[in-house]
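Beneath this line is the structure, given in structure tokens, with notes to follow.
For the numbers below, each heavy atom of this structure counts, side chains included, while hydrogens, waters and symmetry mates do not. All of these numbers come straight from a predicted model, not from anything done at the bench. Labels below follow one simple rule: chain letters A, B, ... track the order of the sequence lines, proteins then strands, and each chain is numbered from 1.
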Number of protein chains: 2
Amino acid sequence: MSLATDRGKLQSADKPTLYKQIRIDIERRILTGEWPPGHRIPFEHELMSRYGCSRMTVSKALSELAQADLIERRRKAGSFVRRPTFLSAVLKIADIRAEINALGRSYGYELIQCSRRTANATDRARLGAGKTGKVIAIACRHSADGVPFAIEDRLIDLDAVPEAAAADFAAEPPGSWLLHHVPWTEAEHSISAIVADEQAAAALDIAIGAPCLVIDRHTWRSARPLTAVRLLYPGESHKLIARFKGGLEG
Amino acid sequence: MSLATDRGKLQSADKPTLYKQIRIDIERRILTGEWPPGHRIPFEHELMSRYGCSRMTVSKALSELAQADLIERRRKAGSFVRRPTFLSAVLKIADIRAEINALGRSYGYELIQCSRRTANATDRARLGAGKTGKVIAIACRHSADGVPFAIEDRLIDLDAVPEAAAADFAAEPPGSWLLHHVPWTEAEHSISAIVADEQAAAALDIAIGAPCLVIDRHTWRSARPLTAVRLLYPGESHKLIARFKGGLEG
DNA sequence: CGCGATTTTATGTATAGACATATAGAGACG
DNA sequence: CGTCTCTATATGTCTATACATAAAATCGCG
């Protein structure tokens, strides 16, 4: 009765399950450098006796570490701490409307230009499509609390995304519309810096020659190009944050 | 008999193991939109009979999808396709020396300045450390095929990384040294754009006012600041690539 | 009808055992 | 000494079963 009837096991406050304990334990040793890159992790049968559990259990812990790229498993040889040859950071690029809303600022959207046309050579090159038919070209501006936040220049392949023909991009930003209506499988972001030309400066309300951060995003579904977009942000006010989390959660 | 002795199962050329087939199958339906966000994935017992396998097998497939954040599993309710609120892209930021070598270009390194000092207020703010003792301040330049590639301005907390006192940063770039000698648990990259001032322009051999891509990286071990670094790249020549991979590998 | 207690159910963790498979390392051979 | 073959072995997958746990669904009672 009352709170917490006495269970058979009677364990401490919160037991994070055995396989998670094992995973966290190994993770800790890797992250603190106790087991440096290249170090061979104890064999499964050693971990079995060390933790007093079955092989499936230690295997589950090791599999998750492998999936998270912290270790590498090789048959017959064992499991090894991976050598981090690069920093792998997760860059979360929000839909701009969602991003501005998340900041607690009021989102503004303005369609500057929207036209449908048969793809010319430039369009095809930009999309990376071989023989494209029709495309939609969109230019628009996002603002936060009335201040220009980013300008967007987008191309949508109408053959790959026929539903886009019916969308009202005056009412909904193309990024949001696409995110919610079009499934995609691959995306690539190329990040660079430019200085504002006259047109960009006017649209973003900054000085000509001011720095701008550029994101060129290409999106595909099963290797077929869907859309190409260039986002231009005032360079010093906007920052992209990429966070690396060595460990896994919970 | 010769090739491929008749096994009991007799399967096609390459069998990607059952649980992977299941995972890829579900993944495909999610990625193509057949199962949109919020859709409930068939219960484990349904998948068991659909694929004719045990529960552990379908569970393994679903667990991997959950770890990859493609689905969400809720006890008693079932497993659901996750609603992607943002684009999550993996940004691989290589060690600069490794990056240049990988491009097949010759790496050049030049230590501009290296000094040890007691942290002043600016240093402490930059590191985000409360009461810092000594720090090492480093300025250096990386080049590829003799052309300036990036300039680096770094601060290392000597209390957190005492080994750094013995490192020879004239011989080895601090980024490489740290990556190979100092374990860390968290890193944050802030990416922005600026225009080159006189000093940066001279160091990178570009015009004053030319755009530069800036990466500010902070690294911690268990919430303790280790180092803060600012990398400045010529903005139009250098691009950061962040790739999203909807699916998991093989 | 509302609400708390009970039941049901889908997932979560764990087990012991089985067979598959890649491969490091040993041994055979030239 | 190199190379080729074989074998031992660690991981990879899968099964059938068991119990734990969280929460949805239902029941029962006032």
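Residue A:S54 has its side chain nearest to C:dT15 when only C:dT15, C:dA14, C:dA10 are considered. Taking every side-chain heavy atom of A:R55 into account, D:dG12 is the closest of D:dG12, C:dT15, C:dA10. Here the nucleotide nearest the side chain of B:R75, chosen from D:dA20, D:dT11, D:dC14, is D:dA20.
Atom CD1 of B:I24 is separated from atom P of D:dT13 by 11 Å (rounded to the nearest Å). What separates CD1 of B:I22 from C1' of D:dT15 is a distance of 13 Å, to the nearest Å. The interatomic distance linking B:K20 (NZ) with C:dT21 (P) rounds to 13 Å, in whole Å. Look at CE on B:M56: it is 9 Å from C1' on D:dT15, rounded to the nearest Å. Straight-line distance from the CD atom of B:E44 to the P atom of D:dA16: 15 Å, rounded to whole Å. One atom, CE of B:M48, and another, C1' of C:dT11, lie 13 Å apart when rounded to the nearest Å. When the P atom of D:dA10 is taken as reference, atom CG of A:L62 falls 14 Å away, rounded to whole Å. Rounded to whole angstrom, the span from the CD atom of B:E64 across to the P atom of D:dC14 amounts to 11 Å.
Taking the nucleotide of DNA chain C with the nearest heavy atom to each of A:R74 and A:T57, the more 5' of the two is matched to A:T57. Along DNA chain D, the nucleotide closest to A:F43 and the one closest to B:A77 are compared, and the more 5′ of them pairs with A:F43.
Aromatic ring orientation, A:Y109 versus A:H142: tilted (interplanar angle from 30° to 60°). Between A:W177 and A:F169, the ring-plane angle classifies as perpendicular under the 30° and 60° cut-offs.
Heavy-atom minimum distance, A:R126 versus A:A228: NH2-O, 3.6 Å.
Rounded to 10°, the angle separating the first-five-pair axis and the last-five-pair axis of the helix from C:dC1-D:dG30 to C:dG30-D:dC1 equals 10°.
Between A:T17 and C:dG12 there is no side-chain N or O to OP1 or OP2 distance below 4.0 Å. Regarding contacts with the backbone of D:dA8, every side-chain N or O of A:K76 stays at 4.0 angstrom or more from both OP1 and OP2. Dashed line: the shortest gap from a side-chain N or O of B:S59 to OP1 or OP2 of C:dT11 is not under 4.0 Å.
No hydrogens or angles considered: nothing links the side chains of A:Q21 and A:Y51 as a donor-acceptor pair under 3.5 Å.
Evaluation of the ring-ring contact (aromatic ring centres under 6.0 Å, His included) rule for B:F43 yields B:H45 as partners, not counting sequence neighbours.
Within the 3.5 Å criterion, the main-chain N or O of B:L155 finds a donor-acceptor partner in the side chain of B:T227.
Both cation-pi conditions hold for B:R74 and B:F80: the charged atom is under 6.0 angstrom from the six-membered ring centre and inside a 45 degree cone around its axis.
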